There are 2 protein chains.
Amino acid sequence: MSSPGNGRRRRTRVTLRQVAEEVGTSQSTASRALAGHGYVAEDLKARVLEAAARLGYVPDISARTLKGQASGLIGLLVSDLRNQFYAQLAAGVEQTVAAAGHQVVLVDDHGESEHAARAARAFLAMRADGVLLAPTGREATELLVEHGTPVVEVDRRSGARSCDAVTIDSEAGARAAVEHLLQLGHRRIAVVVDETMWDTGKNRLKGYRAAHREAGVPLSRRLVLNLGLRPDDPQRDVAAFLDANPDVTAVFAANNVMAEAVWQEFKRRGAEVPGRYSMVSFDDLTWMRVVEPGLTAVRQPVYEMGSRAAELLLERIAGGTERTATRTLDPTLVLRGSTARP
Amino acid sequence: MSSPGNGRRRRTRVTLRQVAEEVGTSQSTASRALAGHGYVAEDLKARVLEAAARLGYVPDISARTLKGQASGLIGLLVSDLRNQFYAQLAAGVEQTVAAAGHQVVLVDDHGESEHAARAARAFLAMRADGVLLAPTGREATELLVEHGTPVVEVDRRSGARSCDAVTIDSEAGARAAVEHLLQLGHRRIAVVVDETMWDTGKNRLKGYRAAHREAGVPLSRRLVLNLGLRPDDPQRDVAAFLDANPDVTAVFAANNVMAEAVWQEFKRRGAEVPGRYSMVSFDDLTWMRVVEPGLTAVRQPVYEMGSRAAELLLERIAGGTERTATRTLDPTLVLRGSTARP
DNA sequence: TCCGCATATGGCATCGTTCCCATGTGAGAA
DNA sequence: TTCTCACATGGGAACGATGCCATATGCGGA
């Protein structure tokens with residue numbers, strides 16, 4: 001590999017100037033040789049490249065960025081990396097961003113918008129070329145947009161002023177799920193949500209209601225279990241709810257966290273699925289197709305959402321499209337064994 | 001928030017010089033005021049801070065880094081973000097790194113060491129303060145160490161020259177799992193692995209063998225199903241293996257991917273667990289405690305491994321410890337319903 | 001012969017911060 | 001009075017890469 005015999009840590013990094021001196025030319029010429037544009041004689045260029053490789057030259061992004069070039073960094077802000085949903089999203093983003101030769105700076109705001117704002121400031125400070133946000137407030141988006149950083153919102157929309165967005169049609173997904181239950185003959189369908197402050201939760205509830213209205217089935221406030229943000233022990237709350245509403249025959253869980261709580265509670269009380277309860281989850285994770293019976297679920301193209309958002313952001317950075325674009329992806333209802341007639 | 005009425009994109013970012021001019025002082029003084037060290041009169045300092053906030057000043061990390069300061073970036077290289085194992089790891093790392101005021105640059109090498117080497121070069125180029133690697137070859141580690149970047153290897157060790165590492169005791173975990181099966185009376189225990197080139201796979205196989213030796217149960221090559229890296233369709237291979245070895249009564253899956261393949265194949269052929277087969281997984285994911293029966297599994301403290309590795313790296317960056325440290329975390333065997341006497 | 005142009009190379013200012021150093025003040029000590 | 005020292009401020013040189021501009025040469029066409 002690189003220069004032998006140079007003990008452990010190199011004291012200072014190899015700079016372009018050193019490479020230039022090695023071949024007896026100027027920084028300018030060496031720069032052109034490495035960059036591959038501008039006039040450089042073929043043989044000189046080869047010698048510069050060889051020297052750069054031999055000395056282990058690595059260009060300094062800070063200097064390049066300072067001079068006004070792109071930093072090559074894309075910020076990505078998610079709410080909870082431990083949740084498979086966001087992990088998939090991040091994977092999709094990383095894949096696309098890396099393929100374009102950029103790097104992802106990942107921040108997890110744990111659902112706190114204050115933390116998100118801090119992250120936005122950090123993205124600004126590092127001169128990120130663009131940022132992808134699963135927003136938890138409009139502050140971060142606004143800060144970035146105002147400073148001229150391209151932003152694409154993913155999954156959720158902050159309602160902040162114009163920026164691109166890639167989301168999944170929550171309302172349609174929820175409607176399909178609940179329609180399915182209604183068609184099977186269920187009339188008292190519970191819905192379990194943890195947040196209704198962002199458009200994901202709001203729209204899933206909206207879809208739930210729309211399906212009822214369309215089917216002419218009356219809605220009841222009682223059947224909406226709203227646990228609020230980051231509930232301590234959702235399973236306990238679900239248990240209490242089921243005890244209080246013994247007439248419920250089906251449950252629609254608005255996201256994977258809720259689905260797990262509901263499923264575990266069914267298991268704990270030995271309630272048969274789909275015998276006693278039918279169940280549908282919004283979001284389709286590994287475990288839902290592995291359990292017996294499999295969970296009927298609204299599958300979201302999460303990985304794809306990540307990569308589409310990244311593509312959109314890269315286009316925006318390249319300065320392509322002018323007016324802001326919103327892309328909505330369609331979820332699909334995957335039928336498995338957890339749903340049947342009541 | 002910041003200055004009102006300034007249309008959309010600010011054309012240029014606010015620099016320290018502009019803040020200084022705003023309060024009628026010099027860059028030097030403004031810098032000291034913001035940095036909070038060196039002599040600055042109290043009232044002047046307050047005015048600088050106020051002006052910085054009012055103008056929406058965000059320091060430029062590139063310039064700071066170029067001047068020789070830390071970049072605040074920590075590189076993290078994982079093999080497959082879609083795998084919950086690495087997502088948990090990344091979450092643990094992010095949490096700890098963010099708490100220390102740094103940012104994580106995340107790269108997924110998809111198990112390709114060539115990709116890993118490219119990532120290492122990128123980390124070098126952006127002057128990452130330190131790097132965490134789940135190595136897929138020694139090249140990346142060596143490149144970074146040689147350039148003087150602190151490196152901590154996580155989960156796997158590359159065997160490259162001295163750098164810190166945080167791993168989980170694969171051999172002990174595997175031994176515990178297989179001992180459990182042996183104690184239940186199993187004598188023909190299959191082991192399913194996909195890689196034996198890194199120490200994780202190697203050591204799990206070692207633990208499997210050690211347990212047999214200790215129990216005085218003869219080993220058979222036939223019972224080792226080695227699928228090799230990234231098998232096309234592991235479930236099919238497992239099926240073929242089970243057909244060819246009908247005397248097997250228990251299966252030890254060496255990681256979560258193998259466990260899923262084995263589990264799905266059991267389900268497909270309607271083989272009762274633990275009636276026909278007992279099963280243990282190395283790595284304990286959500287679905288394993290949700291399925292019926294629950295999977296007996298070797299639980300790895302993955303999130304903790306991530307945060308411990310990050311802590312170690314931060315210490316190393318701070319220049320604390322001198323000699324390299326290796327930390328090994330202990331896995332625990334979680335008994336559930338998938339294991340019983342043959 | 002002279003101009004224009006493609007080719008080739010080097011000098012140097014620039015990006016925004018940091019920090020060393022020079023400069024300056026006033027108070028208290030010698 | 002003069003020296004010292006703590007306090008306070010500004011000038012300006014780095015850091016490393018980039019790219020504009022000046023310079024130089026040789027060749028073909030007018």
Side-chain angles (χ1 to χ4, degrees), chain A residues 10-49 51-52 55-72 121-122 124-129 147-148, chain B residues 10-49 51-52 55-72 121-122 124-129 147-148:
Chain A
R10 189 165 299 178
R11 63 227 91 185
T12 58
R13 52 167 49 211
V14 179
T15 71
L16 186 58
R17 145 164 268 123
Q18 286 167 51
V19 174
E21 275 170 5
E22 181 76 10
V23 291
T25 182
S26 69
Q27 286 181 65
S28 316
T29 304
S31 175
R32 280 190 305 261
L34 267 336
H37 57 246
Y39 292 115
V40 193
E42 274 311 316
D43 61 326
L44 217 198
K45 181 170 176 177
R47 274 160 52 219
V48 170
L49 261 42
L55 297 179
Y57 169 72
V58 179
D60 189 311
I61 299 290
S62 310
R64 181 179 297 179
T65 304
L66 181 58
K67 191 71 218 306
Q69 311 294 100
S71 65
R121 225 172 308 269
L124 239 26
M126 69 181 68
R127 291 216 196 181
D129 297 334
H147 280 255
Chain B
R10 189 164 299 179
R11 62 228 94 189
T12 59
R13 53 167 47 212
V14 178
T15 71
L16 187 57
R17 143 165 269 122
Q18 286 168 50
V19 174
E21 274 169 5
E22 180 77 10
V23 292
T25 183
S26 69
Q27 286 182 65
S28 317
T29 304
S31 174
R32 279 191 306 262
L34 268 335
H37 57 247
Y39 291 117
V40 193
E42 272 314 315
D43 62 326
L44 216 197
K45 180 169 176 177
R47 272 160 53 218
V48 170
L49 261 42
L55 298 179
Y57 169 70
V58 179
D60 189 311
I61 298 291
S62 310
R64 181 178 296 177
T65 304
L66 180 59
K67 192 67 220 301
Q69 311 294 100
S71 65
R121 225 173 309 269
L124 240 26
M126 69 180 68
R127 293 217 197 179
D129 298 333
H147 280 255

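Note that the coordinates shown come from a computational prediction; the quantities given were computed from them, not determined experimentally.
Atoms CE and OG, on A/M126 and A/S62 in that order, are 11.5 Å from each other to the nearest 0.5 Å. For the atom pair CZ of B/R127 and OG1 of B/T65, the computed distance is 7.0 Å after rounding to the nearest 0.5 Å. Note: A/T15 OG1 to A/E21 CD = 7.5 Å, rounded to the nearest 0.5 Å. For the atom pair CD (B/Q27) and OG1 (B/T29), the distance works out to 10.0 Å, reported to the nearest 0.5 Å. One finds the CD atom of B/Q69 at 10.5 Å from the CG atom of B/D129 (value rounded to the nearest 0.5 Å).
Distances shown here put every side-chain N or O of B/Y39 at or beyond 4.0 Å from the OP1 or OP2 atom of D/dG10. In this structure, A/Q69 reaches the D/dG19 phosphate: one of its side-chain N or O atoms is under 4.0 Å from OP1 or OP2. OP1 or OP2 of C/dT18 has at least one side-chain nitrogen or oxygen of B/R64 nearer than 4.0 Å.
Residues B/V14 and B/V19 have side chains in contact (heavy-atom distance under 4.5 Å, counting atoms from C-beta outward). Residues A/D60 and A/R64 form no side-chain contact, since every pair of their non-hydrogen atoms from C-beta on lies 4.5 Å or further apart.
Separating the CE atom of B/M126 from the C1' atom of D/dA17 is a distance of 17 Å, rounded to the nearest angstrom. B/Y57 places its OH atom 10 Å from the C1' atom of C/dT18, with the value rounded to the nearest Å. Residue A/D60 contributes atom CG, which lies 16 Å from atom P of C/dG16 at whole-angstrom precision. Look at CZ on B/R127: it is 16 Å from P on C/dT17, rounded to the nearest Å. Separating the CG atom of A/L16 from the P atom of D/dG19 is a distance of 12 Å, rounded to the nearest angstrom. Rounded to a whole Å, the CG atom of A/L66 is 14 Å from the C1' atom of D/dG19. Rounded to a whole Å, the NZ atom of A/K45 is 11 Å from the P atom of C/dA8. Atom CG of B/L44 is separated from atom C1' of D/dA8 by 9 Å (rounded to the nearest Å).
When each of D/dA17, C/dT9, D/dT9 is scored by its nearest atom to the side-chain atoms of A/T15, the top-ranked nucleotide is D/dA17.
As judged by a 4.0 angstrom heavy-atom cut-off over every strand, A/I61 is placed among residues making no nucleic acid contact.
The base of C/dT17 lies outside donor-acceptor range of the side chain of B/K67, with no N or O pair under 3.5 Å.
Within residues 19-38 of chain B, the residues having any heavy atom closer than 4.0 Å to DNA chain C are, in order of number, B/Q27, B/S28, B/S31, B/H37.
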